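Keep in mind the model is a prediction, meaning the values are calculated, not measured. We use all heavy atoms of the structure for the numbers below, so side chains are in, but hydrogens, waters and symmetry mates are not.
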Amino acid sequence: MTNNLNAYFEKYLQKEMLFRDKKVFTMSYTPDSIEFRDEQIDIIAGILAPALRVEKPSNLFIYGKTGTGKTLTVRHTANHIQQVAKEKEIPVKVIYLNCKLKRVADTEYRLVAQLGYELGLTEEDIPPTGLPTDEVYKKFYRVLDKQKQVVILILDEIDQLVKKAGDEILYNLTRINSELKLAQVTIIGISNDLVFTDGLDTRVKSSLSEEELVFPPYNAFQIQNILKKRAKIAFKDGVIQEGVIEKCAAYAAREHGDVRRALELLRVSGELAERKGEEKIAFSHLDEAEDKIERDRVIDIIETQPKQFQALLYAVLKLSQNTQGFILTGEAYELYKSICYTIDLRPLTQRRISDVITELDMLGIINAKIISKGRFGRTREIALAIPSTTRPKVQTILEQGLAIQA
DNA sequence: TGTCCACTGGAAGGGAGGGCTT
DNA sequence: AAGCCCTCCCTTCCAGTGGACA
């Protein structure tokens with residue numbers, strides 16, 4: 001390769017590129033118009049409109065599965081309101097927070113701190129850690145209440161927040177208005193979890209869902225439509241083989257109508273085709289892309305896990321090579337312990353490992369199901385949720401990460 | 001029918017790592 | 001520097017449990 005580098009780059013430059021503009025594939029891309037969501041936009045706009053009269057809009061709760069356009073639609077509508085407010089000098093402020101982002105808004109302290117930052121406080125006012133939580137609240141209230149204004153607080157993936165930090169935080173937030181003299185806060189909660197509110201404190205529940213809105217999944221036709229529109233911007237003319245978009249949409253529709261998936265699939269297909277120097281994106285690229293996306297996701301997760309998690313995963317991997325069927329918690333724990341001893345790592349307790357198993361399950365790296373073996377106790381059946389083609393690679397990564405000689 | 005296994009998962013708490021105020 | 005308060009990761013302790021078996 002070294003000797004041919006010039007030739008390679010030369011060829012690279014000459015090669016017909018498939019992409020015209022990749023920005024439509026980024027998360028932050030907002031199309032001028034949002035397809036198939038007029039109804040939802042109208043409803044949201046109607047609910048938020050009182051903000052323009054500096055009255056507090058009702059709180060709103062939005063459900064819908066991933067990739068159904070919730071975030072996009074809400075932000076789109078809220079931005080419009082803010083735009084109008086700005087022109088007419090009406091004091092409306094929109095704050096958008098994604099509660100899932102680690103180290104941003106996944107605990108009560110950090111959420112409130114983040115809200116403070118959004119309102120102009122700095123890390124000097126609220127350090128990332130250290131203050132009592134109610135002190136952070138006070139600082140937040142103070143900056144919020146400095147002027148008469150309506151604040152629209154959009155909490156995306158709010159279910160994640162509650163799962164990690166409990167629902168007390170929502171209780172505090174819904175009561176926030178009674179603490180304020182000038183400002184008013186409206187909360188828009190967005191959740192992927194359709195039964196999320198079931199577990200909430202009833203007071204929180206009723207106050208948070210003054211209004212509710214459900215985003216249905218897109219159907220195959222709608223996904224197709226959206227894909228075509230974006231593909232027109234993203235790719236040069238005629239580089240997508242007939243039927244590829246349709247199939248892409250069909251995949252995604254089957255997988256719960258997730259447009260984000262569909263877009264990613266299309267992008268990766270394009271990249272694969274381009275890298276191979278092909279002129280058209282074909283069905284084969286679509287299949288390859290599906291594989292690659294899953295593989296990258298798995299590898300990315302595994303590489304960033306702490307050693308303890310990796311050691312456990314290695315144990316599960318080894319066990320699933322040697323035994324047919326399921327692995328039980330006890331077995332996995334025993335092997336994990338002996339792995340720890342050979343690599344000089346202090347093993348965690350079984351209780352902790354139990355939580356680690358749950359975490360890996362939630363990441364989709366393993367499947368763990370509680371079963372009862374009657375007289376022989378209750379435990380979890382664990383199975384690796386990694387496609388067999390990816391396992392050798394995973395094994396190498398783990399062996400490197402843990403410094404194990406194969 | 002009751003027993004009893006091999007765990008699960010809740011509760012409490014410790015201590016390391018951080019930063020605050022005084 | 002002392003004394004708080006925070007989060008995160010972890011341990012210890014323990015009550016709870018579905019269902020095969022006696």
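No hydrogens or angles considered: nothing links the side chains of A:E35 and A:Y218 as a donor-acceptor pair under 3.5 Å.
Distance, A:K139 NZ to B:dC20 P: 9 Å, rounded to whole Å. Taking atom CD1 of residue A:I357 and atom P of nucleotide B:dA6, one finds them 16 Å apart after rounding to whole Å. We find that CG of A:L328 is positioned 7 Å from P of B:dC7, with the value rounded to whole Å. The OH atom of A:Y137 sits 14 Å away from the C1' atom of C:dC6 (whole-angstrom rounding). As a whole-Å value, the separation of A:R380 CZ from B:dC7 P is 11 Å.
Taking A:K232 as the reference, nothing meets the side-chain contact (heavy atoms from CB on, under 4.5 Å) condition, with sequence neighbours excluded.
Put simply, the residue from A:L328, A:I327, A:T358 that forms a side-chain contact (heavy atoms from CB on, under 4.5 Å) with A:R380 is A:T358.
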How does protein reach along nucleotides 10-19 of chain C, written 5' to 3' as B (base within reach of a heavy atom under 4.0 Å), S (only sugar-phosphate), or - (no contact)?
SBBB---BBB

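Note that A:R142 lies outside the cation-pi zone of A:Y137, set by a 6.0 Å cut-off to the ring centre and a 45° limit from the axis. For the pair A:R37 and A:F215, the cation does not sit on the ring face, since its NZ or CZ is not both under 6.0 Å from the ring centre and inside 45° of the axis. Cation-pi check for A:K22 over A:F19 is met; the charged atom lies under 6.0 angstrom from the ring centroid and within 45 degrees of its normal.
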